[in-house]
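Worksheet for the structure shown next.
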Amino acid sequence: MRSETSTYLTIAAMAAVISLVILPRVHSFIPYLKTNVRQTRKSSSVHRCMTRIPNGMPILPKDVVKYSQVPKIGNVFTATTIPSGLLKQHNTKKGTWGIIRVLQGQLEYSIIEPEASTHILDKDNHGVIEPTRLHQVKALTNDLEFVVEFWRVPGTGVVDEKREGLDE
């Protein structure tokens with residue numbers, strides 16, 4: 001039978017492990033899981049404040065729906081067919097999110113703003129494009145194949161975008 005002192009020591013040791021090891025890891029990760037909502041001063045509309053994972057990649061909202069893809073389904077961009085508009089700094093329209101899906105090879109995805117970050121995309125790591133944020137891509141391998149999907153939050157308006165440098 002354990003003595004009362006050893007029971008207190010065991011409880012104290014467990015509390016120390018929880019407070020020194022487990023809680024700091026949980027608390028440092030929680031901000032990346034939340035999407036914050038705030039009111040802007042200029043209007044009464046609600047805007048989503050982007051949350052990012054630790055490497056700087058934006059997190060796609062859960063309520064978005066896909067409305068378009070380039071190139072059209074059944075086709076892909078390759079290292080030699082990437083439209084010039086994607087190779088230079090460009091952005092999506094307000095309310096339009098994007099997902100860069102690499103099917104083969106590797107693609108460099110550079111987010112220019114709000115904070116610069118560069119990501120290597122492949123079949124296991126896709127890129128998320130935040131509305132209105134400047135970004136660009138660059139082929140890293142000759143076997144590259146990828147598509148860009150466009151997503152919107154339902155009820156945010158009619159989708160009528162002309163994408164410069166993209167022949168659909």
Side-chain angles (χ1 to χ4, degrees), residues 21-38 40 46-154 156-157 159-168:
V21 178
I22 297 172
L23 286 180
R25 290 182 182 164
V26 170
H27 287 294
S28 67
F29 191 68
I30 287 173
Y32 303 112
L33 299 178
K34 293 181 179 176
T35 299
N36 302 317
V37 177
R38 66 175 163 85
T40 63
V46 175
H47 294 275
R48 295 175 193 282
C49 298
M50 254 325 288
T51 303
R52 300 175 184 282
I53 57 176
N55 70 3
M57 184 71 69
I59 297 173
L60 189 71
K62 292 180 182 177
D63 54 348
V64 294
V65 292
K66 182 178 173 183
Y67 71 87
S68 181
Q69 174 181 309
V70 291
K72 293 297 181 196
I73 294 176
N75 296 311
V76 295
F77 292 130
T78 67
T80 58
T81 64
I82 299 176
S84 61
L86 297 183
L87 296 171
K88 60 185 180 183
Q89 292 184 12
H90 63 284
N91 61 349
T92 59
K93 305 293 183 201
K94 183 178 178 181
T96 298
W97 292 81
I99 298 179
I100 304 169
R101 293 204 191 274
V102 174
L103 308 173
Q104 181 176 302
Q106 291 185 325
L107 180 74
E108 180 181 282
Y109 169 45
S110 297
I111 300 172
I112 313 303
E113 59 180 10
E115 293 179 18
S117 61
T118 300
H119 308 273
I120 306 302
L121 307 182
D122 57 29
K123 64 182 171 94
D124 297 319
N125 298 292
H126 65 270
V128 176
I129 303 166
E130 186 179 358
T132 72
R133 302 296 188 187
L134 288 175
H135 60 279
Q136 63 190 43
V137 299
K138 177 173 82 174
L140 294 179
T141 59
N142 291 333
D143 65 341
L144 175 66
E145 293 183 356
F146 74 99
V147 299
V148 182
E149 301 171 352
F150 295 99
W151 299 71
R152 283 185 82 83
V153 175
T156 56
V159 176
D160 183 23
E161 295 183 25
K162 296 193 185 337
R163 293 182 199 90
E164 181 181 337
L166 297 180
D167 297 325
E168 296 186 54

What distance separates [X] [atom1] from [Y] [atom2], expressed to the nearest 0.5 Å?
X    : Y    : atom1 : atom2 : result
D122 : L144 : CG    : CG    : 10.5 Å
I112 : N91  : CD1   : CG    : 11.0 Å
R152 : W97  : CZ    : CH2   : 12.0 Å
H90  : H135 : NE2   : NE2   : 3.0 Å

Closest non-hydrogen atom pair, [X] against [Y]:
X    : Y   : result
F150 : T96 : CD2-CG2, 3.8 Å
L86  : F77 : CD1-CE1, 4.0 Å
P131 : T92 : CA-OG1, 3.3 Å

Sequence neighbours left out, what passes side-chain hydrogen bond (donor to acceptor under 3.5 Å, both in side chains) with [X]? Give chain and number order.
X    : answer
T81  : T78
H126 : none
K66  : Q69

Side chains of [X] and [Y], heavy atoms from C-beta outward: is any pair under 4.5 Å?
X    : Y    : value
L121 : V137 : no
I120 : N125 : no
R133 : P114 : yes

Hits for salt bridge (Lys or Arg N to Asp or Glu O under 4.0 Å) against K123, two or more places apart or cross-chain, chain-then-number order -> none
Contacts of E145 that satisfy salt bridge (Lys or Arg N to Asp or Glu O under 4.0 Å) - sequence neighbours left out =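 Testing E145 for salt bridge (Lys or Arg N to Asp or Glu O under 4.0 Å), a comparison that skips the adjacent residues, returns none.
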Side-chain donor-acceptor distances from residues 103-111 under 3.5 Å, at least two apart:
unit_1, atom_1, unit_2, atom_2, d
Q104, NE2, D143, O, 3.0
Y109, OH, V128, O, 2.8

